[in-house]
Structures are given as structure tokens and as C-alpha cells.
Amino acid sequence: MTDLFVSINDFLWSYILIAALIGCGLWFTWRTRFVQFRMVGEMIRLLGDSAKLATNGQRHISSFQAFAVSVATRVGTGNLAGVATAIAIGGPGAIFWMWLIALMGSATAFVESTLGQLFKQHHEEGFIGGPAYYIQRGLHCRWMSVLFAILLTITFGLSYNSIQSNTICHAMQQAFGWSPLWVGVVLSAVGLVIVFGGIHRIARVSSVLVPVMAIGYFILAIVIIVMNIDLIPHVLKVIVLDAFGVEQVAGGGIGATMMIGIKRGLFSNEAGEGSAPNVAATAWVTHPVKQGLIQALGVFTDTLMVCSCTAFIILLSGLYETPGLNGIALTQSALQSEVGSFGPIFIAIAILLFAFSSIIGNYYYGEANIRFLTQNKTVMTIYRIFSAGVLVMFGALSTLEMVWSLGDLCMALLTACNLVAIVALGRYVFRLLDDYRQQKRQGIKDPVFHRHQLPEIESDLDCWE
């Protein structure tokens with residue numbers, strides 16, 4: 001079964017999706033006039049303003065809380081185990097392609113999250129939305145929206161949760177010798193308690209876990225980099241040479257390096273995958289572009305900060321060439337070589353926070369799409385049990401190769417579906433961005449959007465009165 005998944009993955013990723021991701025990233029970067037670079041300051045300002053609203057006791061989800069939930073799903077296994085896998089299989093050059101897909105992908109993330117906001121709908125808990133909603137409302141294509149909802153539920157709510165659980169259990173087993181079975185039982189129990197509390201409980205947990213885990217891991221990585229500052233130029237040289245080296249080109253290895261770097265980069269930052277728009281739609285903002293900018297910042301946070309930390313730790317250790325050392329075990333061993341026996345324990349705790357926050361964030365992505373498909377409460381209860389319970393246990397007891405192969409296949413199908421939609425609907429985002437910039441040039445600090453500004457789709461917009 002694993003061999004079948006690998007064969008299909010290689011076909012989809014070899015040419016089709018890599019070309020589509022790069023092409024969309026370049027197109028959106030050009031059409032938004034390099035929004036991910038020109039408006040970084042505005043992204044940070046908006047995030048700071050929304051962080052103040054996150055604690056004001058209002059019922060709606062703030063931009064900061066939506067950002068925290070999306071980063072919670074991004075910053076997880078992909079940053080610690082995924083980066084290690086990319087280096088072990090594709091070599092140091094895979095990191096360059098992870099960086100590149102993040103720089104271009106942030107423009108894609110901006111477009112899809114802005115669309116999520118634009119086509120969001122009122123819901124009993126506030127707002128709800130995502131690609132399934134903007135495909136149906138924007139493209140008027142019911143079968144495609146249903147297909148996406150099913151794919152996303154399988155990918156995030158089920159498949160990805162098994163990956164997160166698998167990584168947590170292996171980290172705990174290596175650091176403390178704990179049985180994956182009992183770790184899986186505890187993860188399932190705690191996860192079920194949180195997901196049955198709804199998006200507001202998920203947002204509160206994520207808004208606490210994400211800053212703590214990201215800042216702590218970043219500080220440790222900076223300390224290690226400073227301790228080895230004289231080796232950093234060599235590490236950067238190795239990354240670039242391995243990405244474009246003569247040996248790789250001559251032997252055909254550059255294609256494999258690109259493929260694994262882009263696959264692991266997309267798994268980590270999720271740009272173009274259609275996941276972040278689901279939580280971006282839950283935020284209360286005065287203009288759709290605001291949440292698009294904040295979600296674009298999430299891609300930078302994930303790949304350029306956290307993934308780079310892991311990459312430098314592994315490359316500084318030199319252990320990436322050790323046969324048989326892969327995944328979270330490689331990251332733990334690399335950190336142990338730098339800080340001693342504390343390393344595996346720290347990584348085990350970090351991956352517990354990283355991956356567990358991803359489990360509850362992934363669950364919500366599935367919930368939003370289950371609600372799109374049906375309002376049956378029994379179906380929702382069954383989904384919650386499978387997402388936070390059964391699939392978490394499945395991941396705890398499965399092999400590394402099996403869960404990653406299944407995740408890659410689901411990710412490929414999901415991404416293809418979303419890219420078609422955001423290319424078709426991107427014109428609305430470009431107009432929204434022009435409107436936002438124009439209001440800013442007029443001295444309006446807090447731009448506002450009303451649906452009558454897009455008269456051709458005004459009847460398709462449930463919000464923005």
C-alpha cells in the first residue's frame with residue numbers, strides 16, 4: 001500500500017504540482033505588486049492591533065486568534081520532523097527550495113485567505129468559511145466545493161492528525177522511553193476535551209501555546225547559531241551549492257532535491273493548500289485584505305523562522321549524512337550534539353506542543369468543511385471522535401513511511417483543487433488590495449469594505465453589509 005502511495009505521489013509532484021505552485025506564486029506576486037515584501041510593516045502592525053482585541057472578552061474571533069490557530073497547524077511536525085526528512089532525503093539544498101516556496105507562497109496565502117474572508121458566512125459561533133465556501137459562492141460550482149470539503153476533511157482532520165500523533169509518540173519514546181500506545185491514549189483524551197469545546201476553546205488554547213512554543217524554540221536556535229557563528233557562512237554555502245550544484249544537475253538529483261524541498265515546504269507552510277482560509281474566515285475584521293496580510297505573515301513565521309531554526313541545528317551538527325537517521329530522531333540527535341542530553345528532552349516537549357496544537361487546529365479545518373457538507377450533529381460527533389481520537393491512535397501505532405505517504409497524496413489532490421479556484425477568483429482579491437491601498441493613501445488608518453463595492457458578486461456575499 002505504501003509503495004502505491006509513493007508511486008502516485010511521485011507522478012503528481014514530479015511536474016504537475018511543482019509547476020502549478022511556482023506558477024501561481026509568481027503570478028500572485030506580480031499581480032499584487034509584491035505584497036509579501038512591500039507590506040510587511042502593515043502585516044506586523046495589524047497583528048499587533050489584533051492581539052489587543054484577542055483579550056477584550058468579545059464573542060468573535062480576533063485576527064490574532066485566527067492567526068494563532070493557522071500558525072498552530074503550520075508550526076508543527078513539518079518544522080521539526082519534516083525539515084529533517086527533507087534534508088535526509090533531498091540533501092541540504094532542499095532547504096533552499098523550502099525558502100523559495102515560502103517567499104512565493106506567501107502571496108498565494110494572501111490571496112486564498114482574503115478570499116476566505118470575502119466569502120465568509122454568518123454562523124452560530126460567529127463566522128465560517130474557506131475554499132469550499134468561496135468555490136460555491138464565487139464559482140457557483142457545487143460539485144467542486146463538495147469535493148474540496150471532502151478532501152480537506154480527510155487531509156487535515158484525519159490524515160495530518162495521524163502524522164502529528166506519530167511524531168509526538170516517536171519523540172516521547174526516544175526521549176523518555178514511553179510507549180506510543182499510552183502516549184496516543186493521553187493525546188486522544190485531551191484532544192477530544194478541547195475539540196468538543198468548539199472554535200473558541202481551540203482559539204484560546206492556540207493563542208497561548210503558539211507564542212510560547214515558537215519563541216522558546218527560536219531562542220534556543222539563536223543560542224546554538226551564535227555558539228557556531230563562524231560556521232554559518234559554510235552552512236549557507238552548502239545549502240546553495242547543494243541546491244544548484246554541478247553534481248546534482250549532472251546526476252539528475254536536483255529534481256529530487258526540488259521535489260522533496262517543495263513537498264515538505266508546502267506541508268509546513270500550507271500556502272496554496274486551502275487550509276488557512278478556513279480559519280482566516282472566522283476572524284472579525286473591517287476589510288478582507290487585513291486577514292489576508294496577517295495570514296501571509298504566518299508563512300514567513302513558519303518557514304523562514306521556525307523551519308530555518310531546525311535546518312541550521314541539523315546542518316551544524318553534520319548528522320544529516322548518518323545512514324538510517326531521519327525524521328524527528330534526526331532533529332533530536334542534532335540538538336543533543338549541540339546542547340547535550342537536554343536536547344532530545346527539549347525536542348520531545350517542543351514537538352508535543354507544536355504537534356498537539358496542530359492536531360486541534362487541523363481538527364477545526366475539518367469541522368468547517370463538515371459543516372459545509374451537513375448540519376447533522378451526529379455526523380459532527382462522529383467526525384470529532386475520529387479526528388481527535390481514532391486517527392490520533394492510528395498515527396501513534398503506525399509506521400513513519402505510511403503516515404507521510406498518505407499525507408502527501410491527500411495534500412497533492414487538495415492543493416490542485418484549491419489552486420484552480422484561487423486563480424479563477426484572484427481578480428477580486430486584486431481589486432480589494434487596490435481599494436485597501438487607496439484608502440491607506442487617503443490617510444484612513446482602518447480601511448473598511450462594503451459588499452456594494454463588488455456589485456457583480458454582491459448577492460453572493462453573506463457578510464459585509
Side-chain angles (χ1 to χ4, degrees), residues 5 69-70 72-74 76-78 112-113 115-116 119-121 123 125 127-137 141-166 188 191-192 194-199 202 266-267 270 272-282 355 357-395 398 403-422:
F5 287 152
V69 173
S70 65
T73 64
R74 288 187 175 112
T77 296
E112 63 181 358
S113 292
L115 285 172
F119 288 96
K120 68 184 179 182
Q121 298 180 27
H123 185 261
E125 293 187 357
F127 300 110
I128 194 168
Y133 296 82
Y134 59 64
I135 290 172
Q136 176 161 294
R137 291 293 186 95
C141 187
R142 175 65 181 175
W143 71 264
M144 187 175 174
S145 63
V146 170
L147 174 63
F148 182 90
I150 293 172
L151 286 173
L152 189 135
T153 301
I154 294 173
T155 303
F156 281 86
L158 303 178
S159 174
Y160 278 13
N161 274 1
S162 67
I163 293 177
Q164 306 294 345
S165 172
N166 179 273
S188 298
L192 286 169
I194 294 176
V195 302
F196 271 91
I199 181 59
I202 292 171
L266 177 60
F267 177 85
E270 301 176 12
E273 207 169 354
S275 54
N278 292 275
V279 71
T282 65
S357 65
S358 292
I359 287 174
I360 60 177
N362 288 343
Y363 155 80
Y364 177 72
Y365 289 163
E367 177 185 303
N369 287 271
I370 289 288
R371 292 188 185 280
F372 175 81
L373 296 170
T374 177
Q375 297 298 316
N376 189 300
K377 293 185 178 180
T378 301
V379 173
M380 183 60 66
T381 300
I382 293 173
Y383 165 70
R384 286 170 173 167
I385 293 172
F386 267 84
S387 179
V390 176
L391 268 294
V392 169
M393 283 301 304
F394 171 77
S398 297
V403 296
W404 277 103
S405 296
L406 179 60
D408 281 345
L409 176 58
C410 292
M411 178 173 64
L413 297 173
L414 182 72
T415 303
C417 188
N418 184 57
L419 290 180
V420 171
I422 62 177

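Going from atom CD of Gln136 over to atom CZ of Phe148 covers 13.5 Å, rounded to the nearest 0.5 Å. A distance of 8.5 Å separates CG of Asn376 from OG1 of Thr381, quoted to the nearest 0.5 Å. Remark: Leu414 CG to Leu419 CG distance equals 9.5 Å, nearest 0.5 Å. Between Arg137 atom CZ and Lys120 atom NZ the span is 13.5 Å, to the nearest 0.5 Å. Note that SG of Cys417 and CG of Leu147 are 5.0 Å apart. Values are rounded to the nearest 0.5 Å. Residue Leu115 holds its CG atom at 10.0 Å from CD1 of Ile135, rounded to the nearest 0.5 Å.
Within the 4.5 Å cutoff, no side-chain heavy atoms of Glu273 are placed close to those of Glu112. When side chains are defined from C-beta on, Tyr134 counts as touching Ile422, because their heavy atoms get closer than 4.5 Å.
Phe386 is linked by a ring-ring contact (aromatic ring centres under 6.0 Å, His included) to nothing, counting only residues two or more places apart in sequence or in another chain. For Tyr133, the ring-ring contact (aromatic ring centres under 6.0 Å, His included) test picks out Phe372, with sequence neighbours left out.
Among all heavy-atom pairs drawn from Asn369 and Ala149, the shortest one is OD1-CA, 3.4 Å. For Asn278 against Pro131, the heavy-atom pair with the smallest separation is ND2-CD, 3.7 Å. Gly366 and Thr153 get closest at one heavy-atom pair: O-OG1, 3.7 Å. Nearest heavy-atom pair across Ser145 and Ala132 is CB-O, 3.2 Å.
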In sequence, state the C-alpha distance, the side-chain angles, and the governing distance for Met393 and Ser165, and then conclude on side chain to side chain contact (heavy atoms under 4.5 Å, CB included). CA-CA 7 Å; Met393 283 301 304; Ser165 172; over 6 Å; no

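Of the possible polar contacts, one joining the Asn418 side chain to the Gly272 backbone as a donor-acceptor pair under 3.5 Å is found.
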